[in-house]
Amino acid sequence: MASVLAAKKALRNQLKQRLIALRDSEKLSQSQAVTRKLLSHKRYQAAQRIAVFLNMPDEIQTKDIINDIFRQGKACFIPRYRPRSNHMDMVRLSSVDEINQLPVTTWNIRQPAEGDDRDNALSNGGLDLVLVPGLGFDKEGHRLGRGKGYYDTFLERYMKQIGAKPYTIALAFQEQLCESIPVNDNDIEIDEILCAENQEVLKN
C-alpha cells in the first residue's frame, strides 16, 4: 500500500510538470478536438442526464460541452465537493449563465454552496454519463486523480445506491496518457478515455 501511494505521488508530480509545460494554445486545440469527439459520441448523444466538471486550468476545457448539453435540452449536473472530506455530490445546474455566479472554492473551482438546495443526481434518477477529469490515465481504464478520492468515492456510493455504475468517459490531453497507473483496491476503472490524437481508448 505504501509503495502504491509513493508511486502515485511521484507520477502526480511528473504529470503536473508535463501539464505546466503545455502551452495555452495547445490546451485549447486539444480541448476543441476532444469536444468534437465527445459531441459525436453515441453515448453522449443518447444520454439525457450528464455530469460534467467545471475545468481547472490544467484540464480539458468543458465550456463548449456544457453549452451543448443545454442546447440539446439535456440535464446538466456538476460536482459539489465537501471540504475536508472525500464526499462529492453531483447537483443540477440550471443554466450556463449561472456558472459565473457560483461561489469559488479554495481550489478556485466554482460550485453551488453547501446550503444551495438543488436536484441531486443520486436521489433523482441517476446519471446516464459521467465525464471525468484527472491527472493521468492508462489504457486499462485506470485513473490517477489529485489524491482526494472524490470520484472513486462518488462512483462507489452511486453503485451501492443505484445498483449499477454510470458510463464514465475521461477527457484527457495526450500528455496525460501513461503506460501504467499504480492502483489500489479503492480505485474504480473508467470505461473510456477521449483524447485529441488517438481514437477512443477503451479499457478492453
Side-chain angles (χ1 to χ4, degrees), residues 12 15-16 19-20 22-36 38-39 44 47-137 143-155 157-158 166 168-173 175-176 190 194:
R12 278 192 190 98
L15 288 164
K16 285 176 182 176
L19 292 168
I20 287 170
L22 200 57
R23 298 189 309 273
D24 286 346
S25 59
E26 183 62 22
K27 290 178 186 175
L28 178 60
S29 174
Q30 290 197 42
S31 293
Q32 290 172 336
V34 170
T35 297
R36 285 193 296 272
L38 179 72
L39 299 194
Y44 174 82
Q48 290 303 308
R49 295 165 63 84
I50 300 173
V52 57
F53 56 96
L54 303 184
N55 67 278
M56 296 171 69
D58 59 356
E59 295 172 339
I60 290 289
Q61 297 167 22
T62 57
K63 181 180 177 183
D64 289 344
I65 296 169
I66 294 169
N67 283 335
D68 189 76
I69 290 172
F70 281 100
R71 188 161 51 242
Q72 300 280 348
K74 303 173 187 285
C76 183
F77 294 82
I78 60 171
R80 177 162 61 193
Y81 307 97
R82 189 174 295 170
R84 296 174 296 281
S85 77
N86 60 4
H87 185 92
M88 176 181 75
D89 292 313
M90 290 294 182
V91 296
R92 189 158 181 176
L93 188 67
S94 61
S95 71
V96 175
D97 294 337
E98 79 160 322
I99 293 174
N100 289 330
Q101 300 164 14
L102 297 174
V104 179
T105 68
T106 54
W107 279 20
N108 204 29
I109 300 173
R110 292 188 180 275
Q111 69 174 30
E114 193 63 36
D116 186 347
D117 189 26
R118 291 172 179 257
D119 282 349
N120 185 318
L122 274 184
S123 56
N124 192 21
L127 294 161
D128 301 317
L129 177 64
V130 178
L131 304 178
V132 183
L135 282 174
F137 309 91
R143 167 184 173 271
L144 183 70
R146 296 176 188 270
K148 301 292 186 183
Y150 285 116
Y151 276 84
D152 291 320
T153 305
F154 171 77
L155 290 171
R157 203 168 84 249
Y158 187 106
T168 50
I169 298 180
L171 308 181
F173 295 117
E175 289 75 7
Q176 293 179 290
I190 301 302
L194 288 188

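- Gln30 is linked by a side-chain hydrogen bond (donor to acceptor under 3.5 Å, both in side chains) to Glu26, Glu175, counting only residues two or more places apart in sequence or in another chain.
- When side chains are defined from C-beta on, Pro112 counts as touching Ile78, because their heavy atoms get closer than 4.5 Å.
- Under the 4.5 Å side-chain criterion, counting only non-hydrogen atoms from C-beta, Val130 is not in contact with Tyr158.
- What you find for Leu127 and Ile50 is that their closest heavy atoms are CD2-C, 4.2 Å.
- Every residue meeting the side-chain hydrogen bond (donor to acceptor under 3.5 Å, both in side chains) condition with Asn124, not counting sequence neighbours, appears here in chain and number order: Asp119.
- Between the side chain of Arg12 and the backbone N or O of Gly136, no donor-acceptor pair lies under 3.5 Å.
- Side-chain atoms of Leu38 and Ile169, non-hydrogen and from C-beta on, do get closer than 4.5 Å to each other.
- Looking at residues two or more places apart in sequence or on another chain, you find a salt bridge (Lys or Arg N to Asp or Glu O under 4.0 Å) between Asp58 and Arg146.
- Annotation: side chain to side chain contact (heavy atoms under 4.5 Å, CB included) contacts of Asp68 (sequence neighbours excluded): Leu39, Tyr44, Arg71, Gln72.
- Note that CG of Asp64 is 11.0 Å distant from CD1 of Ile69, once rounded to the nearest 0.5 Å.
- The nearest pair of heavy atoms linking Ile66 to Val52 is CG1-CG1, 3.7 Å.
- Between Leu54 atom CG and Asn108 atom CG the span is 11.5 Å, to the nearest 0.5 Å.
- In terms of the side-chain hydrogen bond (donor to acceptor under 3.5 Å, both in side chains) criterion, residue partners of Ser94 (sequence neighbours excluded) are, by chain and number, Glu98.
- A salt bridge (charged side-chain N to carboxylate O under 4.0 Å, His left out) check over residues 103-116, counting only residues at least two apart or in different chains, returns the pairs Arg82-Glu114, Asp116-Arg118.
- Legend: residues meeting side-chain hydrogen bond (donor to acceptor under 3.5 Å, both in side chains) with Arg80, ordered by chain and number and at least two apart, are absent.
- In this structure, the side chains of Leu19 and Gln176 come closer than 4.5 Å at one or more pairs of heavy atoms.
- Counting heavy atoms from C-beta outward, Leu171 and Asn55 have side chains that stay 4.5 Å or more apart.
- Checked against salt bridge (Lys or Arg N to Asp or Glu O under 4.0 Å), Asp89 has the following partners two or more places apart in sequence or in another chain: Arg157.
- The two residues Leu135 and Leu15 make their nearest non-hydrogen contact at O-CD1, 3.6 Å.
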Test side-chain contact (heavy atoms from CB on, under 4.5 Å) applied to Leu122 and Met90, step by step:
CA-CA 8 Å; Leu122 274 184; Met90 290 294 182; over 6 Å; no
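- Across Pro79 and Met88, no two heavy atoms sit closer than the pair CB-SD, 3.7 Å.
- Listed by first and then second residue, the ring pair (Phe, Tyr, Trp, His ring centres under 6.0 Å) pairs involving residues 47-79 amount to none (not counting sequence neighbours).
- Annotation: ring pair (Phe, Tyr, Trp, His ring centres under 6.0 Å) contacts involving residues 81-106, sequence neighbours excluded, comprise Tyr81-Tyr150.
- Contact record, Gln61 with Thr35: O-OG1, 4.0 Å, taken as the closest heavy-atom pair.
- Using a 4.5 Å cut-off on side-chain heavy atoms (C-beta onward), Asn86 and Lys148 make no contact.
- A heavy-atom distance below 4.5 Å is not found between the side chains of Arg92 and Cys76.
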